[in-house]
Amino acid sequence: MSPKKRRYRQGVTAVAAVALTVTAAQIAIGDESDGGGGQDEPENAASSWQVEHYSESLDAKLTDVAPVSGTEGWAIGEDSEETALAPVLLHGSGKGWKKSELPAEIEGKDTSLTGIEASGPDNVWLFGERADNAESAPFVYRYDGERWRKVPRPAGSAGVVSVAVVGSDDVWALHGDSAASHWDGEGWTKTKLPADANTLGNAGADQVWAVGSQDDQKGETLSQPAAMRWDGESWKLIDTPEYRFPKPRPPEEDAYLETVVPVSENEVWALGEHTFNHGETTPEPDAENILLRWNGDKWQRMPEEATSRVGVDGIAASDGNGGLLLDDNDSWHLTKDGEVREIGEHKPVPGRTGEVREVDEKQKFWPEMMVKVPGEDKVWSAGVIELGTQGDANFRRGAVLSYATK
């Protein structure tokens, strides 16, 4: 589940990462030029993204995807109905992706789906909000393999910003008030976290992580990065590197983590930013990106060649083999051996005419979520295939893309 709803954007900030074994000398970024539609395979390229699904609607988007096997998964987003966007739930199978009915209670245009997460085909969790007398009413549903059943929402929360689903009786939900609630199969238990958290991720029952920010103990910055781990008994704050600009420091200096990608006990990635309140000092230092990797013992900074390309959106996914997939204006596969491969773009999908015209080849895929497919050397990405700034030819189709990591 996305840590928070990212704004739909015409441009995105660069994101990048490298495996732990990479040294600065090993990193060789490929051609960074934009191919204007990207149909030509870039130099030093991996294989390309493949379109598994795109919406019939020309005004739609997908915001989250939850795979449960190599062929089955769920995705959520919005799709146009007449002049308004309505929530859409997709179910993917070996026969493709098709719209699935929402629970009757939340069907309608005043519903917003905020996240979907799964640990298996019979344990899929759906989160969202529904307008109720001009106020937002959060809801939670669980699919047990046959039907959607309503689950009580975490008490005292205005909504859920991130989720880690380990099992049917082991779910963590992050609130916006620096607290997490745990579902044990019968009810929620609220726990205060040792620091502010932006997102959750898990690599197993005793390997649930939360990342965000904490107060600077030296009082020199507004905050420093924070990483917390649930070890089966309690949440513990794990030491992370500190970030400070050289003196004279800019005003309201701030360092935080926005994304976490747990892979195993000995492999976790975290992405964030070290920034400040711009426009109040001259000259200004360059804001810097944060890319950390947990090796089972400690968090380590990654080389500058990689961190300089990390963006605040932090869209990334494990390749399941010690490497990382990431997205900026292009997509990259950083292997465990330190090789940086630019992933080729998908073949264009039909535009407004139902065909691929010359103008349609300028379309671009903007991801909202990437996640590794369990048991497969494959990553799914949900987002929008968009053709913008082209007048009457403009469209945006919600899409699920796949990439073979081997």
Side-chain angles (χ1 to χ4, degrees), residues 1-2 6 8-10 12 15 34-35 37-42 45-79 88-99 116 118 261 311 313-320 323-334 341-351 356 360-388 395-406:
M1 176 178 175
S2 305
R6 284 184 285 269
Y8 181 68
R9 58 208 186 282
Q10 183 70 24
V12 295
V15 181
D34 185 356
Q39 305 315 314
D40 294 330
E41 187 104 334
S47 59
S48 300
W49 286 105
Q50 304 296 315
V51 178
E52 292 207 355
H53 165 80
Y54 62 87
S55 65
E56 293 184 7
S57 168
L58 295 169
D59 185 14
K61 64 178 179 179
L62 295 179
T63 55
D64 208 354
V65 61
V68 297
S69 71
T71 57
E72 185 180 2
W74 296 82
I76 59 170
E78 294 179 334
D79 203 335
V88 61
L89 173 67
L90 298 180
H91 183 222
S93 66
K95 298 180 180 179
W97 292 79
K98 297 181 180 180
K99 285 187 178 181
I116 193 161
V261 183
D313 279 346
I315 300 174
S318 166
D319 70 355
L324 198 69
L325 262 68
L326 49 100
D327 181 85
D328 56 13
N329 285 312
D330 300 306
S331 297
W332 301 87
H333 182 184
L334 298 106
R341 304 174 180 173
E342 186 176 1
I343 303 173
E345 292 193 20
H346 66 89
K347 293 182 179 179
V349 301
V356 178
D360 298 320
E361 293 182 356
K362 299 178 182 179
Q363 65 191 241
K364 180 71 176 178
F365 176 66
W366 301 110
E368 289 286 333
M369 173 59 69
M370 290 198 300
V371 61
K372 183 185 178 300
V373 177
E376 299 284 334
D377 295 320
K378 181 166 62 174
V379 167
W380 280 345
S381 185
V384 179
I385 296 177
E386 179 215 40
L387 178 67
F395 68 85
R396 61 174 191 168
R397 296 187 187 268
V400 177
L401 273 58
S402 66
Y403 168 73
T405 60
K406 285 187 177 180

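We're numbering straight along the sequence, starting at 1. Being a predicted model, the structure only gives us computed values, none of them experimental.
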With a 4.5 Å heavy-atom cut-off, do [X] and [Y] have their side chains touching?
{"X": "L401", "Y": "E52", "result": "no"}
{"X": "D79", "Y": "S57", "result": "yes"}
{"X": "P374", "Y": "S69", "result": "no"}
{"X": "V88", "Y": "K99", "result": "yes"}
{"X": "E72", "Y": "S93", "result": "no"}
{"X": "W74", "Y": "L89", "result": "yes"}
{"X": "V65", "Y": "V371", "result": "yes"}
{"X": "D319", "Y": "H333", "result": "yes"}

Minimum heavy-atom separation for [X] to [Y], with atom names?
{"X": "P367", "Y": "S381", "result": "CB-OG, 3.3 Å"}
{"X": "T71", "Y": "W380", "result": "C-CH2, 4.2 Å"}
{"X": "G70", "Y": "V373", "result": "CA-CG1, 3.6 Å"}
{"X": "F395", "Y": "I385", "result": "CE1-O, 3.7 Å"}
{"X": "V261", "Y": "S318", "result": "CG1-N, 3.7 Å"}
{"X": "A66", "Y": "A118", "result": "CB-N, 4.1 Å"}

- Query: Are W49 and S331 close enough that a side-chain donor and a side-chain acceptor fall under 3.5 Å?
  - Reply: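 Present: a donor and an acceptor within the cut-off.
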- Message: Check whether K378 reaches the backbone of K372 with its side chain - one donor and one acceptor, N or O, closer than 3.5 Å.
- Response: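 Checking the backbone N and O of K372 against the side chain of K378, no donor-acceptor pair under 3.5 Å is found.
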- Task: Using modelled atom types only, decide if a donor and an acceptor are shared between the side chain of D64 and the backbone of I116 within a distance under 3.5 Å.
- Result: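 Present.
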- Item | side-chain contact (heavy atoms from CB on, under 4.5 Å) evaluation trace for Q363 with V349 | CA-CA 8 Å; Q363 65 191 241; V349 301; 3.3 Å; yes
- Item | Salt-bridge criterion met for D59 and R396 (N-O under 4.0 Å) |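 Counted as a salt bridge, because a side-chain N and a carboxylate O are separated by less than 4.0 Å.
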- Query: Should the pair E386-R397 be classified as a salt bridge under the 4.0 Å nitrogen-to-oxygen rule?
  - Reply: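 R397 and E386: not salt-bridged.
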- Task: Carefully, step by step, assess S402 and Q50 under the rule side-chain contact (heavy atoms from CB on, under 4.5 Å).
- Result: CA-CA 5 Å; S402 66; Q50 304 296 315; 3.8 Å; yes
- Message: Applying side-chain contact (heavy atoms from CB on, under 4.5 Å) to I343 and D330, what does each step give before you reach the verdict?
- Response: CA-CA 7 Å; I343 303 173; D330 300 306; over 6 Å; no
With rounding to the nearest 0.5 angstrom, report the [atom1] to [atom2] distance, [X] to [Y].
{"X": "I76", "Y": "L62", "atom1": "CD1", "atom2": "CG", "answer": "9.0 Å"}
{"X": "I315", "Y": "W366", "atom1": "CD1", "atom2": "CH2", "answer": "10.0 Å"}
{"X": "E361", "Y": "K364", "atom1": "CD", "atom2": "NZ", "answer": "14.5 Å"}

